[in-house]
Amino acid sequence: MSFSFSKQEKLKSRKTIELLFQKGNSITQYPLKLYYLPVDKDQEVRVKAAVSVPKRNFKRAADRNRIKRLLREAYRLNKHLIFNNIEGNFAFLILYLGKDLPPYDEVEKSMQGVFKKLVNKF
RNA sequence: CGAUGCGGUGGCCUUAUCGCCCUGUAGUAGUUAAUCACUAUUGGGAGGAAAGUCCGGACACCAAAGUGCAGCAUAGCGGGUAACGCCCGUCAUCCUGACGUUCAUCGUCAGGAGAGGACAAGUGCAACAGAAAGCAAGUACAGGUAAGGCUGUAGUGAAAUCAGGUAAACUCUAUGUGGUGAAACGCCAUGUAAGCCAGUGUUUGAGGGUAGCACGCCCGAGUUGGUGGGUAGGCGGAUAGAACUUAUGGGCAACCAUGGGUCCAGAUAAAUGAUAAGGGCCUGUAUUACAUAUACGGGUUACAGAAUCCGGCUUAUAAACCGCUUCUUGAG
């Protein structure tokens, strides 16, 4: 298991993302919210993931970029927690609900918390 | 010397590990087509404002891009530029100081400001003072008449029947200006299809396109409804340019010419990040001769993230550095 986060692992399909918001389930571990949806189709990787920060909470693009980078970093380093403990293929979308710029270790803790909750559901 | 304010310069560096995007090379795998994905490796990877989207262009399409009106913009003169509402120079005019002769005036020098066409077309607006302020109305005193502000003087004011002032007031004049905006646009693929049914129409023309409006113009054999059937996105545009840098020459300058050198982001649910160490910088405490040095600890920051590309303008901005202004002359 590598710590990479390559193109294949990124959720890029506009349609899947819309479906995720409409039909997906979610887990909240403030300040993170994880949408997840089982995917029937065969795909190259077990989980495709995307991150998002609402423009409403952060007006400046530099801040949104910063948080998205932290989210991706935390996902990349902790995804083994779920890869080793669940079955099936999924689409993920991780949303940042907080209103302040977080430090990295806080983001990592929250990410681990969300993953634990998810694993407990299965 | 310090503090405040304003303007300008400035916009942290190095190494290691784990990652991301693009590119070249080699290899591997695979989907419904295409793009492509993965592994190894070479090279590259945010800004001075990338921002606001306010002007000017390139480029693209809108029917061939036409006429008039409306709208919008600009406003001494000259130059620069692809172009501009930008930049440079300069003059009128105004302000400050010094000198010539004294207060004014005038002249010279130095510094600063300098949106400046027209109020002799029309409309509007105007503090204080004043009886009255722009179709007029008439105060006090004196003169005069049949009778009247009919005449003179006084007084207020920048201005009182006078070509008053004001256009970053409407307006007028001159000049310029078609619109949209990379979600443009071109191409490949595609189930908003094909097929079937009904209405309507084929030059005596259904229907449609065309800039804010009108004129004018153009396309035109299909079109409208029902039935049917549930998918899938991708490529180009798009990064070698009004480019950057350097030397020489021209010009007061903005800038231009010629020669040499360089290749410097290209994503698309959208790359440039995380961690650690060191240096630099800032800062707290302690010791010391409040200069400085040493030790230990903390911080690493401001404004802010390319999205078709250029030229401007405007606005935001931490530390440090440079200049100017101000400070019951704050301290020596």
Side-chain angles (χ1 to χ4, degrees):
Chain A
M1 174 60 63
S2 72
F3 292 112
S4 68
F5 185 45
S6 64
K7 274 188 174 176
Q8 284 188 334
E9 292 180 64
K10 288 175 182 169
L11 178 59
K12 294 193 173 194
S13 167
R14 192 172 284 271
K15 278 189 170 177
T16 310
I17 292 167
E18 280 173 12
L19 209 63
L20 195 57
F21 277 114
Q22 286 169 9
K23 300 187 177 177
N25 298 312
S26 67
I27 294 176
T28 304
Q29 165 76 47
Y30 192 85
L32 298 182
K33 185 170 189 177
L34 172 71
Y35 286 90
Y36 63 96
L37 184 72
V39 180
D40 299 329
K41 270 199 287 183
D42 293 331
Q43 56 186 22
E44 310 84 359
V45 291
R46 300 268 303 282
V47 174
K48 286 196 176 215
V51 297
S52 181
V53 179
K55 200 172 187 178
R56 195 175 351 122
N57 294 344
F58 296 91
K59 288 184 88 176
R60 286 172 304 196
D63 294 339
R64 292 197 298 276
N65 280 345
R66 167 80 185 159
I67 294 168
K68 280 152 77 178
R69 283 166 185 156
L70 294 178
L71 290 176
R72 275 196 290 266
E73 182 73 5
Y75 176 81
R76 172 175 86 77
L77 295 174
N78 292 287
K79 62 181 183 176
H80 61 277
L81 292 174
I82 46 171
F83 271 53
N84 296 335
N85 292 302
I86 60 171
E87 296 293 327
N89 296 333
F90 288 91
F92 281 2
L93 188 131
I94 301 161
L95 198 64
Y96 185 77
L97 300 173
K99 300 217 159 70
D100 304 304
L101 270 174
Y104 174 71
D105 52 350
E106 193 177 292
V107 172
E108 186 162 31
K109 269 186 193 171
S110 303
M111 188 68 70
Q112 288 166 354
V114 166
F115 285 168
K116 273 180 194 166
K117 277 193 175 182
L118 183 69
V119 168
N120 288 339
K121 277 209 165 189
F122 290 95

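This structure is a prediction, so every number in the text was calculated from the model and none was measured. Labels below follow one simple rule: chain letters A, B, ... track the order of the sequence lines, proteins then strands, and each chain is numbered from 1.
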Rounded to the nearest Å, what distance is computed from the [atom1] atom of residue [X] to the [atom2] atom of nucleotide [N]?
X	N	atom1	atom2	answer
A/Leu101	B/A304	CG	C1'	12 Å
A/Arg76	B/C20	CZ	P	7 Å
A/His80	B/C18	NE2	P	17 Å
A/Asn78	B/U275	CG	P	13 Å
A/Phe5	B/C20	CZ	C1'	10 Å
A/Ile67	B/G305	CD1	P	13 Å
A/Gln8	B/U35	CD	P	17 Å
A/Lys68	B/A271	NZ	C1'	11 Å

Whom does [N] pair with, Watson-Crick or G-U wobble, provided both distances fall under 3.5 Å?
N	result
B/A92	none
B/C213	B/G68
B/C235	B/G186
B/U258	B/A247
B/C12	B/G279
B/C99	B/G107
B/C62	B/G178
B/U17	B/A274

Closest nucleotide among B/C20, B/C22, B/U275 to the A/Tyr104 side chain: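 Nearest listed nucleotide: B/U275.
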Minimum-distance nucleotide to A/Arg69 side chain [options: B/C18, B/G305, B/C20]: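 Given the options B/C18, B/G305, B/C20, the side chain of A/Arg69 is closest to B/G305.
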Quote, to the nearest angstrom, the [atom1] distance that separates [N] from [M].
N	M	atom1	result
B/A34	B/A189	P	12 Å
B/G52	B/G97	C1'	43 Å
B/U42	B/C22	C1'	13 Å
B/C1	B/U15	C1'	43 Å
B/C256	B/C313	P	16 Å
B/A304	B/A184	C1'	29 Å
B/C264	B/U245	C1'	12 Å
B/C135	B/G152	P	23 Å

Can you name the nearest heavy-atom pair linking [X] to [Y], along with the distance?
X	Y	value
A/Gly98	A/Tyr30	CA-OH, 3.5 Å
A/Ala74	A/Val107	CB-CG1, 3.9 Å
A/Lys10	A/Lys48	O-CD, 4.0 Å
A/Leu93	A/Ser52	CD2-CB, 4.2 Å

Quick one: [atom1] on [X] to [atom2] on [Y], what's the gap to the nearest 0.5 Å?
X	Y	atom1	atom2	value
A/Leu77	A/Tyr104	CG	OH	4.5 Å
A/Phe5	A/Glu73	CZ	CD	11.0 Å
A/Phe92	A/Ile82	CZ	CD1	4.0 Å
A/Leu101	A/Asn57	CG	CG	11.5 Å
A/Ser26	A/Leu32	OG	CG	12.5 Å
A/Ser110	A/Ile94	OG	CD1	11.0 Å

Whether A/Tyr96 and A/Phe58 hold their rings parallel, tilted or perpendicular, with breakpoints at 30° and 60°: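 Tilted.
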RNA chain B contacts among residues 51-64 of chain A, heavy-atom distance under 4.0 Å: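 Residues of residues 51-64 of chain A under 4.0 Å from RNA chain B: A/Arg60, A/Ala61, A/Ala62.
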Close approaches to RNA chain B from residues 92-99 of chain A, in residue order (heavy atom, under 4.0 Å):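 Heavy-atom contacts with RNA chain B come from no residue of residues 92-99 of chain A; none.
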Any donor-acceptor pair under 3.5 Å from A/Lys79 side chain to A/Ser4 backbone: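 Yes; at least one donor-acceptor contact below 3.5 Å.
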Strictly under 3.5 Å: I want the nitrogen or oxygen pairs between protein and nucleotides 50-54 of chain B, one per line.
none

Chi-based syn or anti call at [N], which uses purine or pyrimidine torsion atoms and a 90° bound:
N	value
B/G48	syn
B/C88	anti
B/A46	syn
B/G176	anti

Summary of protein contacts for nucleotides 23-30 of chain B, nucleotide by nucleotide, where a base hit scores B, a sugar-phosphate-only hit scores S (4.0 Å, heavy atoms): --------
Below 4.0 Å: OP1/OP2 of [N] and any side-chain N or O of [X]:
X	N	value
A/Ser6	B/C38	yes
A/Lys7	B/A271	no
A/Arg72	B/A270	yes

Carboxylate-amine/guanidinium contact A/Glu106 A/Lys109, below 4.0 Å: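 The answer is no: the pair does not qualify as a salt bridge.
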Of A/Leu11 and A/Asn65, the one whose closest RNA chain B nucleotide lies more 5':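 The residue mapped nearer the 5' terminus is A/Leu11.
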Most 5' of A/Leu70 and A/Ala50 on RNA chain B, judged by nearest nucleotide: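 Residue closer to the 5' terminus by nearest nucleotide: A/Ala50.
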Could you list the donor-acceptor pairs under 3.5 angstrom formed by side chains in residues 111-122 of chain A, with sequence neighbours left out?
{"unit_1": "A/Gln112", "atom_1": "NE2", "unit_2": "A/Asn78", "atom_2": "OD1", "d": "3.0"}
{"unit_1": "A/Lys117", "atom_1": "NZ", "unit_2": "A/Thr28", "atom_2": "O", "d": "3.1"}
{"unit_1": "A/Asn120", "atom_1": "ND2", "unit_2": "A/Lys116", "atom_2": "O", "d": "3.3"}

Residues forming a salt bridge (charged side-chain N to carboxylate O under 4.0 Å, His left out) with A/Asp100, sequence neighbours excluded: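 With sequence neighbours excluded, A/Asp100 shows a salt bridge (charged side-chain N to carboxylate O under 4.0 Å, His left out) to no residue whatsoever.
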